[in-house]
Amino acid sequence: METARPIRTTSGTGDSARQKRSLYVNLPGLQKCTLPADKSFHERCSWRPGDRGNYAGHVPDCIVVLFALIKRQLYQIGISAAQLSISIVLLLLYLPLHAQGIRDSVFRIDPVEVAAQRSFQKEQAGMNEVRVDTFIMRYQGGSDLATLLQENTTIHIKDYGRGALSTASFRGTAPSHTQVTWNGMNINSPMLGMVDFTLVPLFLVDELKIQQGAASIAAQGGGLGGLIALENRPDFSNTFSGKAYAGIGSFVTSNAFTRVDIGNPRVQTRTRVYSNYSKNNYRFVNKNIIEKDTVTGELYHPEQENRDAAYRKLGLTQEMYFRLNERSVLSGRTWIQDATRSVPTVLSSEYSEEGLQRENLQNDRTLKHVVEFDTWREGTRVNLRSGVDYQLLDYSMKSEIAGREPVRSVNSGSRMMSWYNHAELQQDLSERISLRSSASLDRFGISTRDSANMTGYDTTRLEGSLMTGVYYSPVEPLQVALQVRKDMVTGYKTPLIYTVGVSARPFGDHDLLLKANFARNYHQPTLNDLFWQPGGNPDLLPEEGHTGEVSVSWLKKTETISVQTSLTGYFARIENWILWLPGFKGYWESANIREVRSYGMEYHLSSALLVGEWSLRLHGTLALTRTLNMDEEAGSGSVPGTGSGAGSAAGSGDGSGAGSADGSGAGSGSVSSTVSGSVSESVSESGSPGQQLPFIPKISGNVNAAVMRQGWFVIFQNNSMGARSLLSSSDGLSGSLTAESTVSIPEGTNSSTLTTAAVSAAPTSATVTSSTTETDNSNIRATATTSTTEGANSITWAAASGDERLYTLYPHFLNNISVGKRIEQPAGTFTLELKIENLFNESYRNVLMRFMPGRSFTLNLKYDF
């Protein structure tokens with residue numbers, strides 16, 4: 001078992017001397033950094049932020065210095081990020097016009113096509129791989145990856161609000177069970193084990209592949225749910241082309257993306273620059289509060305504004321491709337991003353009151369670089385790849401309590417350096433049999449600390465892997481695949497994992513395809529699961545599971561119609577599932593639960609029809625998911641946290657807590673009280689086996705329909721989500737729910753209005769002057785006005801309810817519509833689009849205490865040249 005070295009943050013004596021020889025950069029949206037004024041840029045890369053507490057890691061902070069220098073220069077000349085984005089767009093709009101003398105009157109029009117794939121090849125025998133439709137990729141290019149996956153696949157996205165943390169769940173598994181690669185390099189956080197899909201602009205992706213279940217084992221282990229592959233591909237026939245995108249929308253939102261491709265048959269370069277900003281100040285009805293009209297006496301839910309929720313993303317990618325000869329390509333890809341988010345507190349927090357100052361900032365910075373060499377000969381292909389992924393996550397929270405000075409409760413920073421190395425060999429021994437072998441060696445270095453709480457850890461982990469696969473087609477309509485993988489992880493005895501798959505095309509040339517597979521997989525604990533302070537558990541066991549699936553698909557393509565449809569049934573049995581639960585020590589702790597079972601069905605439909613000048617497209621998915629906790633002892637206290645406790649720095653900085661990687665959270669309890677003064681709450685639950693895990697919908701689906709004619713288009717999008725439980729026993733509570741709130745009343749106050757979630761309530765030291773109860777399809781609330789005797793300074797308010805709807809997120813049915821026009825000119829193709837999201841202004845939530853925005857508008861201008 002690897003060990004982590006705890007970090008104790010101390011205040012040194014050399015601060016003043018360090019300040020004298022340093023240059024401070026303190027710009028809006030940037031944490032204060034110390035940059036040595038007498039050093040060159042390359043020398044500065046070895047220096048670290050100077051006022052964030054002593055940092056015991058050994059990872060160079062080049063990216064911090066780089067962004068600091070860029071922002072400082074822009075700030076000094078008076079250029080903001082928004083002005084820079086607009087300037088880039090205008091510049092790129094000029095470039096193709098200037099190049100018309102070279103291009104003459106020839107211009108490119110990208111084809112609209114259904115993503116075709118070789119669905120019957122022996123290397124994919126029994127495996128399900130989905131490639132997202134190129135049409136959808138084009139018309140959602142201005143959104144992030146979380147939006148695309150939520151609206152067009154069976155993957156469930158759990159998000160904490162617009163611009164906030166978004167994680168993916170394949171077939172009811174945890175976010176850490178979803179592996180994500182960028183050009184073959186894994187980009188999951190080694191601390192959290194997951195990816196925040198809000199931070200991945202879809203504009204950066206050329207090709208998106210989704211490998212479900214056992215199909216992920218060919219690429220890497222650990223994907224109990226599946227794998228999402230983000231790919232960039234060169235076009236060696238290109239000489240000069242590009243794209244530009246600009247959008248403005250509701251909630252003071254602006255987006256700008258640009259891409260320029262330049263090259264020849266030997267060398268290709270591709271540069272992308274993007275900026276995304278939103279004040280994110282949407283209005284919503286806060287159903288956690290009940291107020292009384294002073295004139296009519298009517299009770300109502302007040303409308304509030306989502307304050308302190310602004311976010312900004314700024315980044316670039318640079319790709320270089322060199323064709324060394326007709327059979328060899330060397331490539332290098334770099335991705336730099338700086339994202340800053342102000343995380344709003346949950347609606348039950350007293351810090352949301354008007355007049356109180358607060359700071360709740362999360363900053364994600366990353367530098368990713370991968371170098372790849374690909375060569376092929378007759379029947380043989382060799383691929384070599386090496387990459388680094390440097391991630392920085394800083395989170396700080398400072399709040400002002402009425403009558404007191406602001407208090408900084410969290411000031412944490414995490415540095416993650418991952419180094420990936422991979423080699424792969426593919427050989428075709430004959431037309432009927434082929435082999436594939438690969439080896440990888442990865443190193444992870446982690447250092448995290450919280451200078452406010454004097455906690456942290458410092459550790460490294462080595463991971464290696466060997467994989468071999470045999471792919472055989474004994475007869476034309478039958479294919480068989482066997483893949484075996486052995487992973488080596490520091491401190492663990494890992495099992496041998498494998499997958500066996502079979503594909504059959506029983507009717508020869510007819511495109512009816514049957515697939516089946518069975519696999520054994522596993523997933524090691526994340527570093528936060530092991531070492532986060534407090535709550536990490538170094539004795540955690542790896543998660544192990546067996547999965548299987550059967551699918552039938554049909555494909556029909558003619559000159560005027562294309563239809564592709566599939567139906568898949570699957571099951572999974574996972575032992576030692578890792579879950580964060582509240583412990584008796586007063587904080588959340590990671591633990592293994594004995595068994596989780598998942599089973600369900602998925603349906604996909606993708607079709608296109610051409611009738612004269614009309615083009616019609618329809619894409620839809622439907623998922624039925626059951627993910628059951630089979631541990632009889634796991635129910636106690638397993639209420640998913642939604643508070644904004646100190647653990648949020650390690651989880652994701654959005655209030656979900658240190659356990660957000662597995663969907664459980666590590667915040668405070670989720671019963672709300674809206675009062676003045678301080679509030680403490682506790683929730684307990686007696687669970688029972690065989691119940692749906694939290695946040696996983698039993699049914700979900702989406703539909704995308706488009707009509708196009710002579711450049712005009714109308715696109716309708718529906719995203720439907722079933723009810724989701726916030727407890728591990730949503731189908732029927734055994735025992736009761738208990739909520740208790742203690743309210744401190746300032747001296748001289750003789751009344752207080754309390755809102756508590758309950759059907760009935762009884763004060764222990766107050767006189768009730770009036771009370772009301774309200775019930776809807778998602779919450780049960782009681783309101784009471786109490787009076788106290790002079791000198792009393794506290795009231796304890798207790799309530800009980802046995803209705804599971806109190807902790808249920810009710811279903812929602814979101815609808816979006818886009819209307820636009822494509823205008824083709826010799827200079828390129830212009831697309832003007834108006835998009836309306838949440839068309840019917842539905843009120844909904846994806847997590848407790850965070851209401852999502854209502855109807856919003858976006859105006860987009862796209863330019864392809």
Side-chain angles (χ1 to χ4, degrees), residues 114-131 184 207 209-221 223 226-227 229 231 327 374-383 422-439 465-486 496-521 546-557 562-571 602 604 606:
V114 176
Q117 56 179 311
R118 293 178 58 196
S119 58
F120 194 68
Q121 51 182 326
K122 56 183 181 295
E123 290 78 12
Q124 293 292 327
M127 308 304 161
N128 279 318
E129 180 179 284
V130 177
R131 297 178 186 239
E207 186 176 280
K209 297 187 295 184
I210 300 173
Q211 298 176 342
Q212 299 171 320
S216 65
I217 292 180
Q220 61 184 71
L227 180 142
E231 302 288 346
R327 298 177 180 269
D374 212 355
T375 184
W376 55 95
R377 296 293 184 269
E378 291 295 333
T380 302
R381 179 187 176 188
V382 177
N383 179 268
H422 180 84
E424 183 175 307
L425 171 66
Q426 298 182 35
Q427 291 181 295
D428 292 329
L429 302 183
S430 68
E431 291 185 359
R432 294 194 176 275
I433 187 168
S434 61
L435 304 177
R436 178 182 178 184
S437 301
S438 67
S465 181
L466 296 173
M467 192 280 292
T468 185
V470 180
Y471 314 97
Y472 180 50
S473 178
V475 293
E476 183 64 26
L478 181 66
Q479 297 172 344
V480 181
L482 171 64
Q483 297 172 126
V484 180
R485 177 179 291 275
K486 176 62 178 179
L496 189 70
I497 61 178
Y498 60 85
T499 177
V500 179
V502 178
S503 294
R505 192 160 55 184
F507 302 110
D509 293 336
H510 294 275
D511 288 316
L512 179 67
L513 185 61
L514 304 178
K515 290 187 176 184
N517 69 65
F518 182 81
R520 182 187 186 187
N521 207 339
H546 292 83
T547 64
E549 64 183 78
V550 177
S551 69
V552 55
S553 62
W554 179 71
L555 173 65
K556 180 67 174 179
K557 300 186 72 173
S562 172
V563 178
Q564 184 173 359
T565 182
S566 67
L567 179 64
T568 303
Y570 65 88
F571 78 91
E602 297 174 338
H604 293 80
S606 183

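Hydrogens, waters and symmetry mates play no part in the numbers below; they use all other heavy atoms, side chains included.
Nearest approach of S553 to S566, heavy atoms of both residues: CB-CB, 3.7 Å. Between S216 and G226, the closest heavy-atom pair is CB-C, 4.0 Å. Contact record, S438 with H422: CB-CE1, 3.7 Å, taken as the closest heavy-atom pair. A pairwise comparison of heavy atoms in E602 and Q212 identifies OE1-NE2, 3.4 Å as the closest pair. The two residues T499 and A214 have their closest heavy-atom pair at OG1-CB, 3.5 Å. Considering every non-hydrogen atom in both I433 and Y472, the closest pair reads CB-CD1, 4.1 Å.
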Tell me, with the steps shown, if N521 and I217 meet side chain to side chain contact (heavy atoms under 4.5 Å, CB included).
CA-CA 8 Å; N521 207 339; I217 292 180; 3.7 Å; yes
Evaluate the criterion side chain to side chain contact (heavy atoms under 4.5 Å, CB included) for residue pair L496 and V484; output intermediate values, then yes/no.
CA-CA 7 Å; L496 189 70; V484 180; 3.6 Å; yes
Show your working on side chain to side chain contact (heavy atoms under 4.5 Å, CB included) between F518 and H546 and close with a plain yes or no.
CA-CA 7 Å; F518 182 81; H546 292 83; 3.9 Å; yes
Test log, rule side chain to side chain contact (heavy atoms under 4.5 Å, CB included), inputs I497 and Q483
CA-CA 9 Å; I497 61 178; Q483 297 172 126; over 6 Å; no
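Here the CG-CH2 distance, from L567 to W554, works out to 14.5 Å after rounding to the nearest 0.5 Å. Note: K557 NZ to S562 OG = 5.0 Å, rounded to the nearest 0.5 Å. A distance of 7.5 Å separates CD in Q220 from CZ in R485, rounded to the nearest 0.5 Å. Atom OH in Y570 sits 11.5 Å away from atom OG1 in T547 (nearest 0.5 Å).
With respect to E431 and K122, no salt bridge is recorded, no charged nitrogen being found less than 4.0 Å from a carboxylate O. Salt-bridge check for R381 with D374: passed, with a basic side-chain N closer than 4.0 Å to an acidic carboxylate O.
Contact of the V470 side chain with the L435 side chain is registered, since non-hydrogen atoms from C-beta on lie closer than 4.5 Å. At least one side-chain heavy atom of L478 sits less than 4.5 Å from a side-chain heavy atom of V502. Contact check for M467 versus R436: side-chain heavy atoms found under the 4.5 Å cut-off. Considering only heavy atoms from C-beta on, M127 stays 4.5 Å or farther from Q121 through its side chain. Between D511 and R505 the shortest side-chain heavy-atom distance falls below 4.5 Å.
Judged by distance alone, the side chain of N517 and the main-chain N or O of G126 form a donor-acceptor pair under 3.5 Å. Judged by distance alone, with hydrogens and angles left aside, the side-chain atoms of R131 form no donor-acceptor pair with the main-chain N or O of K209 at under 3.5 Å. Checked by atom type and distance alone, the side chain of T380 never pairs as donor or acceptor with a backbone atom of D428 at under 3.5 Å.
A side-chain donor-acceptor contact under 3.5 Å links T375 and R377. With hydrogens and angles left out, the side-chain atoms of S434 and E123 include a donor and acceptor closer than 3.5 Å. A donor and an acceptor atom, one from each side chain of Y471 and Q124, are nowhere located under 3.5 Å apart.
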